[in-house]
**Q** 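Structure below; questions to follow.
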Amino acid sequence: MNKYRSHNCNQLRKKNVGDKVILSGWINKKRDHGNLLFIDLRDNYGITQCIIDKENSNFSSLEKMQLETVIKIEGKVVDRSSETINKEIDTGEIEVTINKFEVLGACKELPMPVFSEQEYAEEIRLKYRFLDLRRKKIHENIILRSKVISFIRNEMNNLGFLEYQTPILTSSSPEGARDFLVPSRLNPGKFYALPQAPQQFKQLIMVSGFDKYFQIAPCFRDEDARADRSPGEFYQLDLEMSFVEQEDVFKVVEILLTNTFKKFSKKKLMFDKFPKISYSDALLKYGSDKPDLRNPLIIRDITEIFERKDVSFEIFKKLVKSGSRVRCIVTKNTKNKPRSFFDGIDKWAKDQGASGMAYFTFEKDNEIAAKGPVGKFFSEDSLKELMKKTGAEVGDSIFFACNKVKELEKITASARDKIASELDLIDDNSFAFCWIVDYPMFEENQISKKIEFSHNPFSMPQGDLKKIDFKDPLNILAYQYDIVCNGIELSSGAIRNHIPELMYELFSIAGYDKSQVDSKFSGMINALSYGAPPHGGIAPGIDRIVMLLANEKNIREVTMFPMNQNAQDLMMNAPSEINDNQLKELNLTIKSKK
RNA sequence: GGGGGUGUAGCUCAGUUGGUUAGAGCGAUCGCCUGUCACGCGAUAGGUCGAGGGUUCGAGUCCCUUCACUCCCGCCA
């Protein structure tokens, strides 16, 4: 028998009554009755109630043990009387009477309680992450994460994919996010970059003939954090397949995600077959390329209404003449909502930096009328036309805003979320997946007016490759797709461009000449010239998948050792200063801060 | 880089219109308690009210500056 334990803390049952056992674990909780002491002993597996009374010589020292001390106890399993059974824990029908105990790991006074549902400041949780991780919810989240990853690995293997590792020290790439850089000692003045994703490597794996690749891949991007975005590093289920079309990738991902979400969550999937929404449709109907489809509200363009003579809402009419659009959200049967609801949305929109949201409710007495502060500007005919256009009925309300398309999309998208949450329209018990497809290959930079890759420079343009109009790049669509679940972007992927000449052509539109492409993407562009298979893939974010499954709103709740918002590890004190020798070896000098 | 929120005991928080000695629960320490499972009861210790400056007879409270954490915008092929 192992000297630390004969059983774990979740193993003993009624059938063990009478057994002599050894248990080890943390003191989760003590209940001291003076002459009788209960100790909840906890390990990874569960909790066992241990008990000792004054007759035992160990009583007084055990009584003084600090919570979270690691102890080993020897004792006997005894039955609990029916009134004292604890149904909350698996071992609740028995308890262990302690004969002997030994301290295995002493514990100082705790900076934060472990046994508590209480929420704590992030700072203290991250500094004492090893204590935080002992707490039930997050401990279970991390275990869930492990199980999800292992399940995914297994599924991928079953789907015929093999896992390959790719380098962590690689080269900086000019597109995309800011790189994390690592100075090279052997090559003074030169830097490695940590991969933002193994993008080029996985394509090279396809060129190397491996056909189906996957990896639970660490990715590093030096961008600012958000609740659903760790600073620094995150993990993707990176996958790539040869000789495939877009639909083949979709099929694999739908199988994988459906199986994973069905296995690890009780929430229902809203769609068995994930709907496909084009990028342009998504922006029009949801104002966003990551729509939450649990939300039934749809945005509609009603600009034409403001070009009518019998509409006298002059502020909007004037804006429309100068190129702005008007878009609206209709809410069903909201005529009895209090004025404060409508004004609340308007005020909220103003707080978001928009010029507010106009609104009215469709009413009918003798004729159709618009009730609300701006209702008087609309004729009956114009209201009928509006109802036809939007599907609104008497009793419904309409919220609308006017602005340039980009700003309008932004404000209507958040208004859509805001209104739905005010009206409680979102079913929190479901997952709504969708594909966003047909991304444009390029977009115009709002400030510099330069043409840039809108997503991934390695994507394959759509259509007959011989007929692509490179003179009109903003109209080129790509075989580029995202998968979205409940408004969270889970991943993006593409069918890749495996034709070097086409690649040079596309890069030249984005302002890179041949020699720049050759030097920046040397590995890949070179490889594509030696017989590259058509290929494509995708890379769902593991952290976000686990976040959805664990029903958490913050990615740090599913990350074992996360950094804070300023990309500092408060437990390990990273980043830290390095000594002069290290700097010297790396040929670096630090500019003194002002 | 910008905007919002928060910062008071080891932890979670309360603190009125600016007014005497800044409070509670948990935790810690000590005492009482043989059936609890958030055990109970009593006592004690524990405070640079994030920091600095200002207004005032008087500041946890008002003003300015600044720092930390967090949420959002920018950024994230």
Side-chain angles (χ1 to χ4, degrees), chain A residues 28-41 47-56 59 63-64 66-68 78 80-89 91-92 95 97 107-128 131-132 173-179 195-197 199-200 219-232 234 290 351-353 407 410 414 439 441-443 446-447 452-459 478 480 482 489 492-494 496 506-507 510 520-521 539 541 553-554 556 564-566 568 570:
Chain A
N28 192 56
K29 193 71 189 165
K30 286 184 302 185
R31 287 174 296 280
D32 187 354
H33 291 240
N35 293 311
L36 180 71
L37 172 67
F38 296 97
I39 288 182
D40 290 340
L41 199 64
I47 286 175
T48 301
Q49 174 165 282
C50 302
I51 184 166
I52 186 167
D53 70 20
K54 215 172 186 173
E55 306 300 308
N56 190 298
F59 183 85
E63 203 182 16
K64 288 190 180 65
Q66 193 39 268
L67 295 183
E68 295 304 311
V78 299
R80 290 208 210 181
S81 67
S82 59
E83 323 84 74
T84 60
I85 285 173
N86 183 353
K87 293 196 176 93
E88 305 290 310
I89 54 175
T91 60
E95 59 198 6
T97 54
C107 179
K108 297 199 285 188
E109 187 178 341
L110 295 164
M112 56 178 281
V114 171
F115 176 67
S116 169
E117 308 274 301
Q118 188 80 59
E119 304 225 26
Y120 302 98
E122 203 79 22
E123 199 172 355
I124 195 139
R125 293 185 57 194
L126 294 184
K127 183 167 178 193
Y128 296 96
L131 290 179
D132 192 37
S173 73
E175 286 288 321
R178 200 176 292 113
D179 283 318
Q196 295 181 24
Q199 180 65 36
Q200 294 188 60
C219 304
F220 306 90
R221 296 177 192 175
D222 187 4
E223 298 294 348
D224 288 350
R226 287 289 183 278
D228 64 350
R229 202 165 83 203
S230 288
F234 62 97
K290 38 180 183 176
D351 290 344
Q352 301 300 299
E407 285 74 26
K410 198 178 284 176
S414 20
Y439 276 81
M441 189 81 213
F442 299 99
E443 63 189 4
Q446 293 289 294
I447 300 154
E452 296 175 344
F453 286 108
S454 73
H455 246 63
N456 184 322
F458 306 121
S459 299
Q480 166 86 46
D482 272 17
E489 183 192 320
S492 63
R496 320 297 173 187
L506 295 169
F507 266 97
K520 288 296 180 187
F521 306 104
K553 291 205 161 49
N554 194 301
R556 292 186 296 274
N564 70 6
Q565 195 168 43
N566 292 323
Q568 299 160 339
L570 299 176

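Each chain gets a letter, A, B and so on, in the order the sequences are listed, and its residues count up from 1.
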**Q** Please name the nucleotide paired to G74(B) by Watson-Crick or G-U wobble geometry with both distances under 3.5 Å, or report none.
**A**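 Pairing partner, where one exists within any strand: none, as none qualifies.
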**Q** Strictly by Watson-Crick or wobble contacts shorter than 3.5 Å, is anything paired with U36(B), and which nucleotide is it?
**A**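 Answer to the pairing question: none, since U36(B) forms no Watson-Crick or G-U pair.
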**Q** As a test of reading the structure: which of C11(B), C37(B), A28(B) is closest to the side chain of P113(A), going by heavy atoms?
**A**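 From the listed options, C11(B) comes nearest.
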**Q** What is the distance, rounded to the nearest whole Å, between atom CD1 of I51(A) and atom P of C39(B)?
**A**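 The answer, rounded to whole Å, is 14 Å.
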**Q** For K54(A) and C32(B), is the shortest distance between a side-chain N/O and OP1 or OP2 below 4.0 Å?
**A**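 K54(A) to C32(B) OP1/OP2: no side-chain N or O under 4.0 Å.
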**Q** To the nearest angstrom, how far is Q49(A) atom CD from G35(B) atom C1'?
**A**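 After rounding, the gap between these two atoms is 8 Å.
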**Q** Applying a 4.0 Å non-hydrogen cut-off, can you work out what D32(A) is touching in the nucleic acid: base, sugar-phosphate, or nothing?
**A**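 Base contact - D32(A) has a heavy atom under 4.0 Å of at least one base atom.
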**Q** Under the criteria of a ring-centre distance below 5.5 Å and an interplanar angle below 30°, is H33(A) stacked with the base of U36(B)?
**A**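 H33(A) vs U36(B): stacking no.
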**Q** Assess whether atom NZ of K520(A) is packed by more than 12 heavy atoms of other residues, nucleotides or ligands within 6.0 Å.
**A**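 For K520(A), atom NZ is not crowded (no more than 12 foreign heavy atoms under 6.0 Å).
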**Q** Please figure out whether D53(A) or Q118(A) has its closest RNA chain B nucleotide nearer the 5' end.
**A**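 The answer here is Q118(A).
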**Q** Using Watson-Crick or G-U wobble geometry with both distances under 3.5 Å, which nucleotide pairs with U17(B)?
**A**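 The answer is none; no pair meets the criterion.
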**Q** Rounded to whole angstrom units, what separation is found between the NZ atom of K127(A) and the C1' atom of C11(B)?
**A**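 In whole Å, C11(B) C1' and K127(A) NZ are 14 Å from each other.
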**Q** Just verifying a value: how many Å separate R178(A) CZ and Q196(A) CD, rounded to the nearest 0.5 Å?
**A**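 If we round to the nearest 0.5 Å, R178(A):CZ and Q196(A):CD are 10.5 Å apart.
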**Q** Could you tell me whether Q565(A) contacts a base, only the sugar-phosphate backbone, or nothing, with contacts defined as non-hydrogen atoms closer than 4.0 Å?
**A**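 Base contact.
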**Q** Give one of base, sugar-phosphate or nothing for S492(A), where a contact means two heavy atoms less than 4.0 Å apart.
**A**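 S492(A): no heavy atom of the nucleic acid under 4.0 Å.
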**Q** Verify whether one side chain among Y439(A) and D482(A) offers a donor that lies under 3.5 Å from an acceptor in the other.
**A**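 Yes - a donor-acceptor pair under 3.5 Å links their side chains.
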**Q** For G1(B) and G58(B), measure between their P atoms and round to the nearest Å.
**A**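 Per the computed distance, 38 Å lies between those P atoms.
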**Q** Report yes if at least one side-chain N or O of Q196(A) is closer than 4.0 Å to OP1 or OP2 of C76(B); otherwise report no.
**A**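 The answer is no; no side-chain N or O of Q196(A) sits under 4.0 Å from OP1 or OP2.
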**Q** Please state the C1' separation for the pair U55(B) and C64(B) - nearest whole angstrom.
**A**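 To the nearest whole Å, 10 Å.
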**Q** Let me know the distance between CZ of R125(A) and P of U12(B), rounded to the nearest Å.
**A**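 R125(A) atom CZ is separated from U12(B) atom P by 11 Å.
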**Q** For a quick check of understanding: with a heavy-atom distance under 4.0 Å over all strands, which category does I47(A) fall into, base, sugar-phosphate or nothing?
**A**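 No contact at all - I47(A) keeps every heavy atom at 4.0 Å or more from the nucleic acid.
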**Q** Measure distances between side-chain N and O atoms of R229(A) and base N and O atoms of C76(B), and say whether any donor-acceptor pair falls under 3.5 Å.
**A**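 Indeed, a donor on one side and an acceptor on the other fall under 3.5 Å apart.
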**Q** Separation of L110(A) atom CG from C11(B) atom C1', in whole Å?
**A**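 Distance, rounded to whole Å: 10 Å.
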**Q** When you measure from the side chain of R31(A) to the backbone N and O of I39(A), does any donor-acceptor pair fall under 3.5 Å?
**A**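 Side chain of R31(A) to backbone of I39(A), a donor-acceptor pair under 3.5 Å: no, none is there.
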**Q** Which of these nucleotides, U36(B), G27(B), U12(B), is closest to any side-chain atom of R80(A)?
**A**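 Within the option list, the nearest is U36(B).
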**Q** Please give the distance between the P atoms of U16(B) and C30(B) as a whole number of Å.
**A**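 Those two atoms are separated by 36 Å.
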**Q** Tell me whether the rings of F521(A) and F507(A) are parallel (<30°), tilted (30 to 60°) or perpendicular (>60°).
**A**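 Tilted, since the angle between the ring planes falls between 30° and 60°.
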**Q** Select base, sugar-phosphate, or nothing to describe what K108(A) touches, counting heavy atoms under 4.0 Å on all strands.
**A**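 No contact at all - K108(A) keeps every heavy atom at 4.0 Å or more from the nucleic acid.
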**Q** Restricting to salt bridge (Lys or Arg N to Asp or Glu O under 4.0 Å), what partner residues turn up for E122(A), sequence neighbours left out?
**A**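 Here the qualifying residues are R556(A).
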**Q** So, is R226(A) close to the U70(B) phosphate, meaning a side-chain N or O under 4.0 Å from OP1 or OP2?
**A**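 No, outside the criterion.
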**Q** Would you mind checking if K29(A) and D40(A) are paired as a salt bridge, meaning a charged N to carboxylate O distance below 4.0 Å?
**A**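 No salt bridge links D40(A) with K29(A).
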**Q** Choose from C69(B), A28(B), A38(B) the nucleotide whose nearest atom is closest to any side-chain atom of E123(A).
**A**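 The answer is C69(B).
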**Q** Could you tell me which nucleotide pairs with U6(B) by Watson-Crick or G-U wobble geometry, both distances under 3.5 Å, or answer none if nothing does?
**A**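 U6(B) is paired with A68(B).
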**Q** The side chain of N566(A) is closest to which nucleotide in this list: C69(B), G1(B), C76(B)?
**A**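 Selected nucleotide: C69(B).
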**Q** In whole angstrom, give me the gap between the C1' atoms of C13(B) and G54(B).
**A**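 The same atom, C1', in both gives a distance of 30 Å.
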**Q** Categorize R556(A) for me: base, sugar-phosphate, or nothing, with a 4.0 angstrom heavy-atom threshold over every strand shown.
**A**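 R556(A): backbone/sugar contact only, no base atoms under 4.0 Å.
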**Q** Considering only the C1' atoms, how many Å lie between U61(B) and U56(B), rounded to the nearest integer?
**A**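 Nearest-Å result for U61(B) against U56(B) at atom C1': 13 Å.
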**Q** What is the distance, to the nearest angstrom, from the CD atom on E407(A) to the P atom on G74(B)?
**A**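 That distance rounds to 11 Å.
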**Q** Whole angstrom is fine here: how far is it from CD1 in I85(A) over to P in U36(B)?
**A**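 So the CD1-P distance, I85(A) to U36(B), works out to 13 Å.
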**Q** Look at the side-chain N and O atoms of R31(A) and state whether any lies under 4.0 Å from the OP1 or OP2 oxygen of C39(B).
**A**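 For C39(B), OP1 or OP2 has a side-chain N or O of R31(A) closer than 4.0 Å.
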**Q** Distance check needed: A38(B) P versus N86(A) CG, whole Å only.
**A**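 N86(A) atom CG is separated from A38(B) atom P by 7 Å.
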**Q** Suppose you measure atom P in C71(B) against the same atom in U66(B); what distance do you get, rounded to whole Å?
**A**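 These two P atoms come out 23 Å apart once rounded.
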**Q** Using a 4.0 Å heavy-atom cut-off, does F38(A) contact any base of the nucleic acid, only the sugar-phosphate backbone, or nothing at all?
**A**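 Since a base atom lies under 4.0 Å of F38(A), the category is base.
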**Q** I'd like to know if E95(A) reaches the base of G35(B) with its side chain such that a donor and an acceptor end up less than 3.5 angstrom apart.
**A**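 It does, because a donor-acceptor pair links the side chain of E95(A) to the base of G35(B) below 3.5 Å.
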**Q** Suppose we define a pair by two distances each less than 3.5 Å, Watson-Crick or G-U wobble; what does G60(B) pair with here?
**A**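 Across any shown strand, G60(B) pairs with none.
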**Q** Could you pick out which residue, N554(A) or E223(A), lies toward the 5' side of RNA chain B when each is mapped onto its nearest nucleotide?
**A**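 Residue closer to the 5' terminus by nearest nucleotide: N554(A).
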**Q** For S454(A) and E443(A), does a side-chain donor sit closer than 3.5 Å to a side-chain acceptor?
**A**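 There is no such pair (donor and acceptor under 3.5 Å, judged by atom type) between the side chains of S454(A) and E443(A).
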**Q** Using Watson-Crick or G-U wobble geometry with both distances under 3.5 Å, which nucleotide pairs with U55(B)?
**A**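 By the stated definition (distances under 3.5 Å), nothing pairs with U55(B).
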**Q** Under 4.0 Å, heavy atoms only, any strand: does K29(A) hit a base, just the sugar-phosphate, or nothing?
**A**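 Sugar-phosphate, no base atom in range.
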**Q** Quick check on side chain to side chain contact (heavy atoms under 4.5 Å, CB included): which of E109(A), K108(A), K30(A) does Q66(A) satisfy it with?
**A**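 Answer after filtering E109(A), K108(A), K30(A): E109(A).
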**Q** Taking only the side-chain nitrogens and oxygens of Q568(A), find out if one of them lies under 4.0 Å from OP1 or OP2 of C69(B).
**A**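 Yes, Q568(A) has a side-chain N/O under 4.0 Å of OP1/OP2 on C69(B).
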**Q** Does the structure show a Watson-Crick or G-U wobble partner for G31(B), both distances under 3.5 Å? Name it, or say none.
**A**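 For G31(B), the partner nucleotide comes out as C41(B), under the 3.5 Å rule.
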**Q** Determine the contact category for E117(A): base if any of its heavy atoms lies under 4.0 Å from a base atom, sugar-phosphate if only primed atoms, P, OP1 or OP2 are that close, otherwise nothing.
**A**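 No contact at all - E117(A) keeps every heavy atom at 4.0 Å or more from the nucleic acid.
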**Q** Quote, to the nearest angstrom, the P distance that separates A14(B) from G25(B).
**A**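 So the two P atoms sit 16 Å from each other.
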**Q** Touch check for P111(A), heavy atoms < 4.0 angstrom, all strands: base, sugar-phosphate only, or nothing?
**A**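 Result for P111(A) = sugar-phosphate.
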**Q** In whole Å, measure the gap between the P atoms of U21(B) and G27(B) for me.
**A**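 Comparing P positions in U21(B) and G27(B) gives a spacing of 31 Å.
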